[in-house]
Each structure stands twice: as structure tokens, then as C-alpha cells.
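A, B, ... follow the sequence lines: proteins, then strands. Residue 1 opens every chain.
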Amino acid sequence: MTSSASAWSILIDLGRSALQWFVGWQRILMFSARLLVLALSPSTYRGPYLVALSRHLVKDTAPILLWFTLMTAIISLVIIHIVVVTSESYGLSRYALEMVVRVLVLELVPLTAAMFVALRCALPNAAEVAALQARGALEAPSAGSAEPLRREILPRVISGTFSVLLLTTVSCVVCAVLAYLWVHGFTAGGLPSYTRTFGRVFSPAVSLIFTLKTLGLGLAVGLIPIASVLYDRPRHQLRASAELRGLVRLFFMILLIEVGSLVGNYL
Amino acid sequence: MSDEPTPALRTSESLELRAALLVGLLLLLVAAAGVYLLYARGVFEPSQRLVLLSDDAEGITVGMDLTFAGFPIGRVRRIELSAEGATRIVIDVPRKDARWLRESSVFTLTRGLVGNTNLRAFSGVLSDPPLADGAERRVLVGDATAEIPRLVSETRDLIANLTQLTKSDSALAAALGNVQNATERIKGPRGALGVLFGNDADAQKLVTALDRTNALLARIDGMAVKADQQVFGAQGLMPEARAAVVQLNSALLEARESLKKIDAILVDAQAIAGNARSASNDLAALRSEVDANLRKVSGMIDELNRRWPFAKPTEIKLP
């Protein structure tokens, strides 16, 4: 009798958790849709909103751009060296460049940029939003007004997304150049074959998947942490904070996007 | 708190300019990457089409290279099935590289044990007419892995045969045992003869036959010496034959002289015969003259008889 009651309560708890999980994702999706509509509205990029957006773009991207590019360049050199030496030792040096492009440009750099921006910008932004919400600074002056979203939320979301896109693009270009220089040296003689290899790797399908993946990672990094702190109400029975739960949601989404891109590219 | 501008971000114009620079940098990089990718994919390069026909498209992927002498000169654009069920590999060849492809070019598809499948073009005669746009060619397939099942099957058969051969009761083992037995018998008193004949009695017969053959040869040798003396000795056949030949030569000379004389006689006889022939021709004229004279004499006698007084009257009595 007692055991059946405890099993029943466990089932009820599991069902409640699953329901809350789905409700949370549904709120995040609805919030993302509202923000996207605002982001596509021209009035968002005028007057004080433009100043706030510019401030967040510069603050979230400029300080980490150089450091992240340098860090990516160093790690890329190590990986390029490992791949090239290993390929040569197995007599497969003709595939080294293709492997470097696939491993670094297609997979590692976007993932690293997303994780770096999430930890460096998105989570602090989410913490700021949580603090603003706690102070009541996000209360709308009138019902249905989007002014707090435009002034405080949207610039942070756009800056997070933009930061991921810019860091990914710059790092991919740097990695591609480093891979060429490492394999061919400072000469233009290998450019035709390198260009051909690049064209072979970036088929239309792969290019589309790469673009969608980068956009998806940017949106996930910009949206999910802030949406989590806004819509995950603090509950005393949960041990984890809203920021931590947002981070888990973000990693879960990044994992989904990465798996989806791998499936699209290689299956 | 965080809304307070830092000293570096004090003015909105400066903020907007820096943000615009960052956005511009992103757009520039994305546009440059897009153009480079389009160039790498050969979008800006005029190309011609080549269709390779094969029975099997395994290992061929869209985007893989067609190489000539190790250099990529084309790229697989599409793979499709024809109405006959053959595989059509549609390849874009840039115009500047199409000069390596000729009407007599041969195309091969090789699948290695490790690594990619390779499409290769071989042009033996570069003076042939260039390959036309949209040309269809049969591709020759050289598959290293296709030989493996046959190789494994044959190797299995070979190993089975070897196993059969090396068994203790196999024919090879029995043959080797016999060889060993034979070598031991060769080492024996009769040697190889004993092995050949199988028993000592027959081997002894052969030895005896060899001895008798040797004796016979010695006797034949003596007979040959005597025959030599009979034929080539001082009183042998050969000197007498030589003398007979000399005499025969002198007899032939005499016969030749006699024949010359006979020739002269024959010439004379031929002249006499000619004279006789001409004489016989004159004899005919002489005979005709004699006949005429005799008829004249006969007429004259008849005339004399008529005029003569004792001439009897000519009376004709009718029955």
C-alpha cells in the first residue's frame, strides 16, 4: 500500500516535470517569436534603441574578438599540425587539407565560438536581465507595450547572436588561411588546388547546413539564457538557479543543432 | 548598473560608428566568403559537359574530381540513371582544361583498397580532334576490391589442395616415402640399376648383356681393320678401280675419234644422195624425149609398111 502510493507520487512528479519542461520550451519559443518580430521591425533601429543596440554590440563583441581570434588561431595551428603529420605518416597527405577544413571550419570553430560567447556574454547578459527583472525595471509602462523588450532585452539578444556570427566568420577565415600557409607555405602555387579542395568540401548542401547551423547557434546563444531567466519563475523546490537552468537548456540546444548538422552533412 | 556607459562608449555617435564597423566587417567577410565559394565551385568559369557511362556508380560522389595526369580538370556535377539502366556521370570540364580531352581519350574509374574512387582521363594522341561538348563516353572500370572474393576463393582452394597434399596418407607423402626407399636402394650394391629393374637378377642380366656387347664391339673393330686393308690397301679394290677408270678414259677417246670419222662418211653419203636426187629429176625429161622419139620411129615404120609392096591389106572382119 505504501509502496504503491510512493510509486504513484513519483509518476506524478515525473509527469509534472515533463509538463513544466514542455511549458518552459513553449514560453521560450513564443518569446523568441516576439523578439524576432521586433528585430525585423525598422523602428527597433531608430533613436535610443539604436544607441542601446550599438552599445551592446560593441560591448559584447569588440573586447573578445581579438582574444578569441588569437586563441582559435593557436588551437587551430596545433590541430592542423596534428592532422597534417598524422595524414603524412599514413600516406594520406592529399586528404589532410580537406580534413582540416572539415574538422576546423565546419565543426570546431562554430561550436567553440558559440560556447565562448555563451560563457563570456550571454550568461552575464542573462544575469543582468534577471537583476533588472528583480528590480522591476522590465515592467511595461502600459499593457502590451514592447518598450522594455526593445530597450533592454532585444539589444542583448541581437548582440549575443551577432557576436557568435562575427567570431565564427573571422575565426573560420583565419583558420582557412592558417591551414593554407601551414601546408603550402608563403606561396601562391597551391592556391588552385586549395580552392578546389575548398569548393569540393563546401558543396551546396554543406554550405546551407553550415549557414543554418551558425545562425541557429547564434540565435540559441542570444535567446535561450535570457528567455530562461525571464520565464523560468524561481521555485523553491528547484535547487538550480534560473541562469544555470538556462545554461543547461542552451547546451541542450547546441547539442541538438550540432547533431542535426552532423546528420545532414554525413548521413 | 550595466546601462551606465563606460568612458570608452560615451558618445552615441562613436558607439554607432564602431557598431557599424563591426557589422560592416561581418558583411564584408560573409560576402567575400560567398564569392570565394562560388569561385571555388566554378560558377564563374565557362565549362563544357562530358557524360561518362558506367554500369555501377559505387564510390562516385557529386563534387569529386576528374583528373588528367594527376591534375583535376573536371568535377562531377550530377549522377543519374539512363533509360537503359546505365549510370550517367555528368561532369563539368572548364573550357581552359577541356583541351586535354580528345576524341580518342580514354576514361577510367578505379576503386582503391584505401582512399577515394578516382576518375581519370588519358589522352594518348593530343593531335586528335578535341572532345565535343556533351560527348558521351564509356568509362573503363578497374576495381581492385572486386578481385578480392575471387582471390580469396582461389586461395581457399589452394590451401585445401595443400592440406590434401601434406596429409600423412596423401599421394605426395607416399611418393616421398618411395623416393626415400629408392635413394636407400641406390646407395646399395646394385645402385640405380637395382632401382630401375626392381630385382637383382634382371640387373645382373643387364650387366652381362653389357659385357657381351663390349666383346662384340671389339670383334667388329677387328673386322673393320681388315675391311680397310681389303678396300684401301696396296692390293685393295680402290687402286684397281682407279686403273680401270684410266683404261676406260682411253677407250672413250678412241670411240670419240671413230665417231668423228663416221660423221665425215655420213656427210659424203648426204652429198651422194643429193646428186642422185637431181639425176632422178633429169631422168624424167630424158624418158619423155625417148618416148617421143620411139613414137616417131613407130610412125615411120608404120608409114614404111603401108608403102611397102608386100604389105598385106588391112582387113577387118566383123562377126
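- Chain A forms the most heavy-atom pairs under 4.5 Å with one residue out of B/G34, B/G63, B/P72, and that residue is B/P72.
- Taking 4.0 Å as the cut-off between side-chain N and carboxylate O, B/R88 and B/E136 count as a salt-bridged pair.
- Contacts of A/L53 with chain B are absent, with no heavy-atom separation under 4.5 Å from either backbone or side chain.
- With a threshold of 4.5 angstrom between heavy atoms, B/L22 approaches chain A through its backbone and through its side chain.
- If you measure heavy-atom distances from A/S207 to chain B, the contacts under 4.5 Å come from the side chain alone.
- With respect to chain B, the highest number of heavy-atom pairs below 4.5 Å among A/T169, A/V173, A/T61 belongs to A/T169.
- Identified under the salt bridge (charged side-chain N to carboxylate O under 4.0 Å, His left out) test for residues 185-203 of chain A, with sequence neighbours left out: A/E98-A/R200, A/R196-B/D65, A/R200-B/D65.
- In terms of heavy-atom pairs under 4.5 angstrom with chain B, the leader among A/L57, A/L166, A/V51 is A/L166.
- A/F210 and A/F202 have perpendicular rings, their planes meeting at more than 60° on a 0 to 90° scale where under 30° would count as parallel.
- Under the 4.0 Å criterion applied to side-chain N and carboxylate O atoms, B/D92 and B/R78 are not assigned as salt-bridge partners.
- In this structure, B/E154 and B/L158 have side chains that are not in contact, with every pair of non-hydrogen atoms separated by 4.5 Å or more.
- Environment of OH in A/Y45: crowded, with over 12 heavy atoms of neighbouring residues, nucleotides or ligands closer than 6.0 Å.
- Using a 4.5 Å cut-off between heavy atoms, A/V201 makes no contact with chain B at all.
- For a residue to count as touching a neighbouring chain, one of its non-hydrogen atoms must lie under 4.5 Å from one of that chain's; by this rule B/V62 does not touch chain A.
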